[in-house]
Each structure stands twice: as C-alpha cells, then as structure tokens.
Colleague: 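Dumping the structure here so I can ask a few things about it.
Keep in mind the model is a prediction, meaning the values are calculated, not measured.
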Amino acid sequence: MKKHIVVIAGDGIGQEVTAVGKQVLNRIAEKFGHEFTYDEALIGHVAIEATGNPLPAETIAKSKASDAILFGAVGHPKYDNDPSAKVRPEQGLLGIRKALGLYANLRPIKLFDELLQASSIKPEFLKGADILFFRELTGDVYFGERGRKDEGSTAYDTMIYSRYEVERIAVKAFEAAMTRRKKVCSVDKANVLESSRLWREVVQEVAKRYPDVEVEHQFIDAAAMLLIKDPRRFDVVVTGNLFGDILTDEASQIAGSMGMLASASVGDSTGLYEPIHGSAHDITGKGVANPLASVLSAALMLDISFGLKEEAEAVVNAVDQVLKAGYRTRDIADSNTPADKVLGTQAMGEQLLACL
C-alpha cells in the first residue's frame, strides 16, 4: 500500500512526540511491505512566527492532498495570559478542523492493565474500563458567533447546533456501538440549554434506527461525576464540542495520563490523528515527553484511514509489551518504578521499535 502522510508537529512537545510516531509508521511500512511518504506543514505558534498566520494556506493545501495527517499539538504560554491577542495558535487547530470538515472526534479510553496504579482512581473501579468517545468537532460554542459589546465590558459566545450536525455524529456513535457492547450514552444539558434540547431530540430520533442499542441520556454534570465514580458503566459516549472537550480530558485520569490518550478527527475525507495532550512547554526540549499517545494515534490512522487492522494491532501490542516489560516515561511512573526503567521520549521510542 502506498500512502502520503502530512506531519503537522505544531508547537512544544508536538515536535518531539510526532517524531516517534513517524518512526513507528516507518517501521510498520518496512515490516509489512508498505510505502509511506511524508510532507511537513506548519500550524499554531510556529506558523505565526514564520508567516503571521496560525493556519497558512499551504498547510490546508498539503493536508487536503494527503491520505492522513499525523498531528502534534498547538499552544504557547505567551498567549495564555494575554486575552487581548487577536491571533492565537489555537485558531489554527479550529481552522483546520473546519477546512477539512473534521466533524467527529473519536477518543478511545482503554486502560493498559500495567498502568492501573498510574491513575488517581482506585484500581478496582478502573479494571476493564473501555470507553469510546464521539465528540462533535465543528459546531457548538467554539464556532458560534462571538464578540464584545458595551465598550468591551460584556462578552458573548453562542452555543449553536443544527439538526444535521447532531444527526451525523449520532449516527457514527450508534454504528460504533453496534460493533461493541451496544450501549450509547448521550451527554447534554437539556434541562437548561435549548441547543441541548435539540441535541437530545435528534439523538432520540436516531436511536429508533438502532433498536438493539441501549440508550441513556445524562446531563453533563452527572456524566462528569459518573465517569470517575463508575467508568465501566460507559461504552460509547456521544456529546457536543464543549462537553466532549472537558469529559475526554477528565477521562485521561482513567488511562493514567494524557500522555496515553490518542484521538482521531474524521469527516468524509482526510483524517487527522493526534494525542489529546497539549504543547506542554514546561517540558519542551527536555526529552521527557511521553510519545505513546502519538504512537497510538498513528495506530488509529493505520486502522481508520488505511484499513490496516493487523498493522494497527501490531503497534498497540508493541505498546503493551513495552509496558509489561516495566518501561515508563515519568508521567506514568510511580515510586516502585526502577530508575533504569524510566525512559525519555526517544528511548521509549527505541523500545517500541525493538518490539516491532
């Protein structure tokens, strides 16, 4: 198989972890007889510094011409405490999602048994947890009308959804549930928000097409509590952009670290694959970032965009083998981890390559 991949490393540790993800893809190509070619593109702070634009037109063009995108992270501390900044790195990420029509964000939350102790949640509540989140990605308050009035003293952001936007993400969630435990939990705030009432109405309509799937509706506040109290109750979770952003970051505690969670952003064409963690400038350049989420994102690429299930399983199995051998990056290490088993970014990558 011949595939062309664009690597958009972005900011901070995105540069470091995507390098390992690319090495793993190259090893898979070598092992299974595929040919992967690559291009690179800018986004976020590095793009602003180079072009003045967080999402250059060249990046969009390269992305549309590719078979898949391996993405790193966006963000920089200089913007975090400057609310007045008109151009921001995160605009690049929102922009590429819109430009490519990436309306569905899939985030698998599955705990490797070796990391039960890495989570702050008790192991007896965690073991066996396996959740697949579907987060709607191109609507909601992140894309609604926004602005300021009253000479800047009042700000507003509009939470808005159309029937079509809700239906297409709901269908993807129900289709996935049919291949799993046949359970869907839809998360909204229909007791307060009109957009959530439309959300629930449409999900109920879609549910009628899937009579074998058990459906429940949870308000966002209750879902956030239940996710920690009893994560094993969930199978497929479908929710809006804002609620999904919050819940999936919370769910990183189930997996032990954000450095373990991969995601796929898909629509009807090119897919984008990224770890859910941010740019983490506090550890950038120190060589200690956990590359496993980027590697697992590459596995999702192999599976979803390329249909290479055996190759994807080989990558996941390599991660499992490395963890079983006791190797950890510092974010998933504990007091019982021997010092010689705590690895940096590239050393962890080398262990994965050896397993492959």
Colleague: Cluster question for you: counting only ILVMFWY and a side-chain heavy-atom cut-off of under 4.5 Å, with indirect links fine, are L247 and F219 together?
Modeller: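 No, no single cluster joins them.
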Colleague: Which residue, K64, K62, K3, forms the salt bridge (charged side-chain N to carboxylate O under 4.0 Å, His left out) with D39?
Modeller: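 Answer after filtering K64, K62, K3: K62.
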Colleague: Just checking I160: does its CD1 atom have more than 12 heavy atoms from other residues, nucleotides or ligands closer to it than 6.0 angstrom?
Modeller: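 Result for CD1/I160: open.
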Colleague: Indicate yes or no for a side-chain donor-acceptor contact from S297 to the backbone of Y273 under 3.5 Å, with no hydrogens or angles considered.
Modeller: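 Such a contact is absent between S297 side chain and Y273 backbone.
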Colleague: Do any N or O atoms from the side chain of R148 and from the backbone of A155 form a donor-acceptor pair under 3.5 angstrom?
Modeller: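 Absent.
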Colleague: Indicate if F133 and L137 have the same hydrophobic cluster label, given that clusters are the connected sets of ILVMFWY residues with side-chain heavy-atom separations under 4.5 angstrom.
Modeller: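 No, F133 and L137 fall in different hydrophobic clusters.
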Colleague: Just checking E250: does its CD atom have more than 12 heavy atoms from other residues, nucleotides or ligands closer to it than 6.0 angstrom?
Modeller: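 Yes, CD of E250 has more than 12 neighbouring heavy atoms, counting only those of other groups under 6.0 Å.
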Colleague: Output the distance between atom CG (D334) and atom CG (L116), rounded to the nearest 0.5 Å.
Modeller: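 It is 11.5 Å, given to the nearest 0.5 Å.
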Colleague: A side-chain contact here means heavy atoms from C-beta on lying under 4.5 Å apart; do I48 and H76 qualify?
Modeller: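 Side chain of I48 against side chain of H76, heavy atoms only: no contact under 4.5 Å found.
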Colleague: Can you confirm whether more than 12 heavy atoms, excluding those of N81, are under 6.0 Å from its CG atom?
Modeller: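 It does not: N81 CG has 12 such atoms or fewer within range.
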Colleague: Will you find, in the side chains of T138 and E136, an N or O donor that is under 3.5 Å from an N or O acceptor?
Modeller: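 A pair is found: one side chain offers a donor N or O, the other an acceptor, under 3.5 Å apart.
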Colleague: Would you tell me whether S252 and D249 have side-chain atoms, one donor and one acceptor, within less than 3.5 Å of each other?
Modeller: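 Not at all, the side chains of S252 and D249 share no donor-acceptor pair under 3.5 Å.
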Colleague: Looking at Q15 and G10, would you say the former's side chain and the latter's main chain have a donor-acceptor pair under 3.5 Å?
Modeller: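 Yes.
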Colleague: Under a 3.5 Å distance rule, please check whether S153 uses its side chain to pair with a backbone N or O of D150 as donor and acceptor.
Modeller: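 Checking the backbone N and O of D150 against the side chain of S153, a donor-acceptor pair under 3.5 Å is found.
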Colleague: Donor-acceptor check, side chain of E201 to backbone of R163, threshold 3.5 angstrom: yes or no?
Modeller: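 It does not hold such a pair.
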Colleague: Looking at every heavy atom in both L132 and A176, which two are closest together, and how far apart are they?
Modeller: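 Closest heavy-atom pair between L132 and A176: CD2-CB, 4.0 Å.
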Colleague: So which atom in F36 and which in L308 form the shortest heavy-atom distance, rounded to 0.1 Å?
Modeller: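 The answer is CZ-CD1, 4.4 Å.
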Colleague: Could you tell me which non-hydrogen atom of L198 sits nearest to which non-hydrogen atom of S162, and how far apart they are?
Modeller: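 Looking at all heavy atoms of both residues, the shortest contact is CD2-C, 4.0 Å.
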Colleague: Quick one, E16 and Q346 - any side-chain contact, counting heavy atoms below 4.5 Å?
Modeller: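 When only atoms from C-beta onward are counted, Q346 and E16 do not touch, as no gap falls below 4.5 Å.
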Colleague: Do T329 and N290 have side-chain atoms, one donor and one acceptor, less than 3.5 Å apart?
Modeller: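 Distance-only check passes for T329 and N290.
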Colleague: For the CG atom of D245 and the OH atom of Y142, what is their distance to the nearest 0.5 Å?
Modeller: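 The distance works out to 3.5 Å.
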Colleague: Would you say the side chains of T37 and H4 form a donor-acceptor pair under 3.5 Å?
Modeller: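 There is such a pair between these side chains.
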Colleague: For a 4.5 angstrom cut-off between non-hydrogen side-chain atoms, does L292 reach L352?
Modeller: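 Heavy-atom side-chain distance check passes, below 4.5 Å.
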Colleague: Side-chain heavy atoms nearer than 4.5 Å, only ILVMFWY residues, links allowed to pass through others: does that put Y161 and I246 together?
Modeller: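 Yes; I246 is reachable from Y161 via cluster members.
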Colleague: Is the backbone of G344 close enough, under 3.5 Å, to the side chain of R330 for a donor and an acceptor to pair up by distance?
Modeller: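 Flag not set: sc R330 to bb G344 has no pair under 3.5 Å.
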Colleague: How far apart are the closest heavy atoms of R328 and L115, and which atoms are they?
Modeller: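 Taking R328 first and L115 second, the nearest heavy atoms are NE-CD2, 3.6 Å.
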Colleague: Which heavy atom in H34 sits nearest to a heavy atom in M1, and how many Å separate them?
Modeller: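 The answer is ND1-N, 3.2 Å.
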Colleague: Do V171 and R209 come within less than 4.5 Å of each other through their side chains, counting heavy atoms only?
Modeller: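 Yes - at least one pair of side-chain heavy atoms lies under 4.5 Å apart.
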Colleague: Let me confirm one number: the CG-CG distance from L102 to L94, rounded to the nearest 0.5 Å.
Modeller: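 Nearest 0.5 Å value for the CG-CG distance: 11.5 Å.
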Colleague: In terms of hydrophobic clustering (I, L, V, M, F, W, Y; side-chain heavy atoms under 4.5 Å; direct or indirect links), are L100 and L106 co-clustered?
Modeller: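 L100 does not cluster with L106.
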Colleague: Could you tell me if D331 and S257 have a donor-acceptor pair between their side chains, going purely by distance under 3.5 Å?
Modeller: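 Short answer, yes.
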Colleague: Could you tell me the separation between the CG atom of D140 and the CZ atom of F243, rounded to the nearest 0.5 Å?
Modeller: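 Reported value, rounded in 0.5 Å steps: 7.0 Å.
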Colleague: Kindly indicate, with the supporting measurements, whether the criterion side-chain contact (heavy atoms from CB on, under 4.5 Å) is fulfilled by D320 and E114.
Modeller: CA-CA 8 Å; D320 193 35; E114 290 71 31; 3.3 Å; yes
Colleague: Going through the checks in order, is the side-chain contact (heavy atoms from CB on, under 4.5 Å) test met by D157 and M159?
Modeller: CA-CA 7 Å; D157 298 273; M159 181 175 279; over 6 Å; no
Colleague: Applying salt bridge (Lys or Arg N to Asp or Glu O under 4.0 Å), run through D130 and R180 and close with a yes or a no.
Modeller: CA-CA 10 Å; D130 180 4; R180 292 168 53 93; 3.4 Å; yes
Colleague: Give a yes or no on whether a salt bridge exists between D82 and K78, defined as a side-chain N under 4.0 angstrom from a carboxylate O.
Modeller: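 A salt bridge is absent here (no side-chain N lies under 4.0 Å from a carboxylate O).
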Colleague: For the backbone of V141 and the side chain of R146, can you confirm whether one donor and one acceptor N or O come within less than 3.5 Å of each other?
Modeller: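 Yes.
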Colleague: Report, as yes or no, whether the 6.0 Å neighbourhood of atom NZ on K110 holds more than 12 heavy atoms from other residues, nucleotides or ligands.
Modeller: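 Atom NZ in K110 is not crowded, with 12 or fewer foreign heavy atoms closer than 6.0 Å.
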Colleague: Under 3.5 Å, is there a donor-acceptor pair between the side chain of T270 and the main chain of S66?
Modeller: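 Between the backbone of S66 and the side chain of T270 there is a qualifying donor-acceptor contact (under 3.5 Å).
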Colleague: So L111 and S119, do their side chains get closer than 4.5 Å, heavy atoms only?
Modeller: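 No - every pair of side-chain heavy atoms lies 4.5 Å or more apart.
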Colleague: With the side chain counted from C-beta on, respond yes when W199 and K189 share a heavy-atom pair under 4.5 Å apart, and no when they do not.
Modeller: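 When only atoms from C-beta onward are counted, K189 and W199 do not touch, as no gap falls below 4.5 Å.
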Colleague: Side-chain contact test, heavy atoms from C-beta onward, threshold under 4.5 Å: evaluate it for L343 versus V322 and give yes or no.
Modeller: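 The answer is no, as the side chains (C-beta and beyond) never meet within the 4.5 Å cut-off.
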Colleague: Just do the side-chain contact (heavy atoms from CB on, under 4.5 Å) check on I8 and I96 with the steps written out, would you?
Modeller: CA-CA 11 Å; I8 307 179; I96 198 168; 3.8 Å; yes
Colleague: Which is it for V316 and L296 under the side-chain contact (heavy atoms from CB on, under 4.5 Å) test, yes or no, and what are the steps along the way?
Modeller: CA-CA 7 Å; V316 175; L296 292 169; 4.1 Å; yes
Colleague: When rounded to the nearest 0.5 angstrom, what is the spacing between OG in S279 and CD1 in I283?
Modeller: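 If we round to the nearest 0.5 Å, S279:OG and I283:CD1 are 10.0 Å apart.
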Colleague: Would you say that more than 12 heavy atoms from the other residues, nucleotides or ligands in this model lie under 6.0 Å from the CD of E58, or not?
Modeller: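 Not more than 12 within 6.0 Å, no.
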Colleague: In terms of hydrophobic clusters joined by side-chain contacts under 4.5 Å, are L70 and L93 together?
Modeller: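 Different clusters: L70 never reaches L93 through Ile, Leu, Val, Met, Phe, Trp or Tyr contacts under 4.5 Å.
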Colleague: Evaluate salt bridge (Lys or Arg N to Asp or Glu O under 4.0 Å) for K183 paired with E216, printing each intermediate quantity in order.
Modeller: CA-CA 8 Å; K183 295 174 63 177; E216 71 167 333; over 6 Å; no
Colleague: Measure across K172 and F134 and return the closest heavy-atom pair with its distance rounded to 0.1 Å.
Modeller: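 The pair with the smallest heavy-atom distance is O-CZ, 3.6 Å.
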Colleague: State whether the side chain of R232 and the backbone N or O of G128 hold a donor-acceptor pair below 3.5 Å, judged by distance alone.
Modeller: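 Looks like no, no N/O pair under 3.5 Å.
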Colleague: Could you tell me the separation between the NZ atom of K324 and the CG atom of N317, rounded to the nearest 0.5 Å?
Modeller: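 Answer for the NZ-CG pair, K324 versus N317, is 8.5 Å.
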Colleague: When you compare the side chain of L55 with that of I43, does any pair of heavy atoms fall below 4.5 Å?
Modeller: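 In contact.
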Colleague: Quiz question: by atom type and distance under 3.5 Å, do the side chains of T248 and R107 form a donor-acceptor pair?
Modeller: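 There is such a pair between these side chains.
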